[in-house]
Amino acid sequence: MADVTFIDVRRLQAEAEAADVVLAMDEDAFRAFYDRTAGALWGYLSRISGDRQVADDLLQESYYRLLKAAVPFESETHRRNYLYRIATNLVWDAQRGPRPLFDTAVEMADMPAPEGPVDAEGRADVRRAFGRLKPRERALLWLAYANGSSHSEIAEALGLKTGSIKLLLFRARRRLAATLQR
Amino acid sequence: MTPGNRRIEREPTDAEIEAIVAEAIAAEAALARTEAAPPSSAIVWWRCQMRARQEATRAADRPITIVHALAIACGVGLAVSLIGSTAAGLRGSSGWLAEVYRSLATTAAPLAAIDLTSRWVTLPMTAMLISAVVATVAAYFIFADE
């Protein structure tokens, strides 16, 4: 701190306000990536948390943290998995914090759905059953069956070992099927 | 038959369970895609930029905050020590104030005799006043550029 003078501080402030802040991607690359991933990520967040408002908030936060991350991404898949890892951690934090944003067992059947020629009763059953799963089970199943992620991608996104995914998926499937058939 | 109301009488096989789950989640994912209304990429990019700038500014402010705190602490310490020494001095010799008053009265007596309307007094006073104003304005323009 002894090396920082008042003039340095003023200069840093001026630079921070005037210059473009350095982020991990340029605008064009970010916007293209966002357009490819935002819809799916919002679906993931809304179904894992069971709350649209939470999904809206965490979506913005996820992309901000991705932009701030000083990680050299090897590929688009790597970047996407990292984004899901950030999003998943944010959901866990939101749930485990001193004032959780949502309950562990979410009532997704209460979420309003758009009008359309779909079976409302069946949809409510699926949502209710999905909401009774543990958050990690919901995340596992969603990544596997909604996003079509491989075991290694799921492991990367959830911070788990690849070898454990098969068993965890098996258990989650069983639980969801059992709840659906009740 | 929808995933929600499907009923299998016997114990379902793993393949059947997988089919049920896959069908249910695929239907839910399709619904989520129709519900999803994320903000536009331009808005998200702009918000991220703004937040990054705010955080950079906050980070730059941190050293000056520490320096301010130290300066205030030093000032408070100095003020306390001055008050303490002054109080001790007053307690030790309270008679010196009367001496000061007497000497001031003696010195100021000839000043009362000065004619303030005389030009030998008003001219230098006016010149001093104008100099003070000009110096203040000049100082303002010099430091305002920085």
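Bear in mind that the values here come from a model prediction, so they are computed numbers and not experimental data. Numbers restart at 1 for each chain; the letters A, B, ... are given by sequence-line order, proteins then strands. As a basis for the values below, the full set of heavy atoms in this structure was taken, side chains included, without hydrogen atoms, waters or symmetry mates.
- Heavy-atom distances place both the backbone and the side chain of L141(A) under 4.5 Å from chain B.
- Residues V137(B) and V134(B) do not share a hydrophobic cluster, defined by chaining ILVMFWY side chains whose heavy atoms lie under 4.5 Å apart.
- Atoms CD1 and CG, from I25(B) and L176(A) in turn, are 5.5 Å apart once rounded to the nearest 0.5 Å.
- Stacking of R51(B) on the aromatic ring of Y64(A) is recorded, both the 6.0 Å distance cut-off and the 45° axial limit being met.
- The closest side-chain heavy-atom distance from P38(B) to D56(A) is not below 4.5 Å.
- In this structure, W45(B) CH2 and M25(A) CE are separated by 8.0 Å, a value rounded to the nearest 0.5 Å.
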**Request:** May I have the step-by-step check of salt bridge (Lys or Arg N to Asp or Glu O under 4.0 Å) for D14(B) and R173(A), ending in yes or no?
**Result:** CA-CA 9 Å; D14(B) 288 344; R173(A) 275 198 305 265; over 6 Å; no
**Asked** Please walk me through it: do R47(A) and E35(B) pass salt bridge (Lys or Arg N to Asp or Glu O under 4.0 Å)?
**Response** CA-CA 11 Å; R47(A) 284 345 188 239; E35(B) 289 173 12; 3.1 Å; yes
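- Residues of residues 28-37 of chain A having a heavy atom under 4.5 Å from any heavy atom of chain B, listed by number: F30(A), R31(A), Y34(A), D35(A).
- The cluster map of Ile, Leu, Val, Met, Phe, Trp and Tyr, joined by side-chain heavy atoms under 4.5 Å apart, puts Y84(A) and V71(A) in the same cluster.
- Nearest approach of A29(B) to W142(A), heavy atoms of both residues: CA-CH2, 3.5 Å.
- By the neighbour-count criterion of 12 heavy atoms within 6.0 Å, atom CZ of R174(A) is densely surrounded, having more than that number from other residues, nucleotides or ligands.
- Considering all non-hydrogen atoms of both residues, A177(A) and I17(B) come closest at CB-CG2, 3.7 Å.
- With hydrogens and angles left out, the side-chain atoms of Y145(A) and E23(B) include no donor and acceptor closer than 3.5 Å.
- Note on A26(B), A42(B), S40(B): by heavy-atom pairs under 4.5 Å with chain A, the leading option is A42(B).
- R127(A) and L31(B) get closest at one heavy-atom pair: NH2-CD2, 3.3 Å.
- Contact of A30(B) with chain A is not made at all, since no heavy-atom distance falls under 4.5 Å.
- Once rounded to the nearest 0.5 Å, the distance linking SG of C48(B) with CZ of R65(A) reads 11.5 Å.
- Taking each heavy atom of A36(B) and G39(A) in turn, the nearest pair found is CB-O, 4.0 Å.
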**Message:** What verdict does the side chain to side chain contact (heavy atoms under 4.5 Å, CB included) test give for E27(A) and Q49(B), after you've listed the backbone C-alpha separation in whole Å, the side-chain angles of each residue and the deciding distance to 0.1 Å?
**Reply:** CA-CA 10 Å; E27(A) 183 174 357; Q49(B) 283 273 326; over 6 Å; no
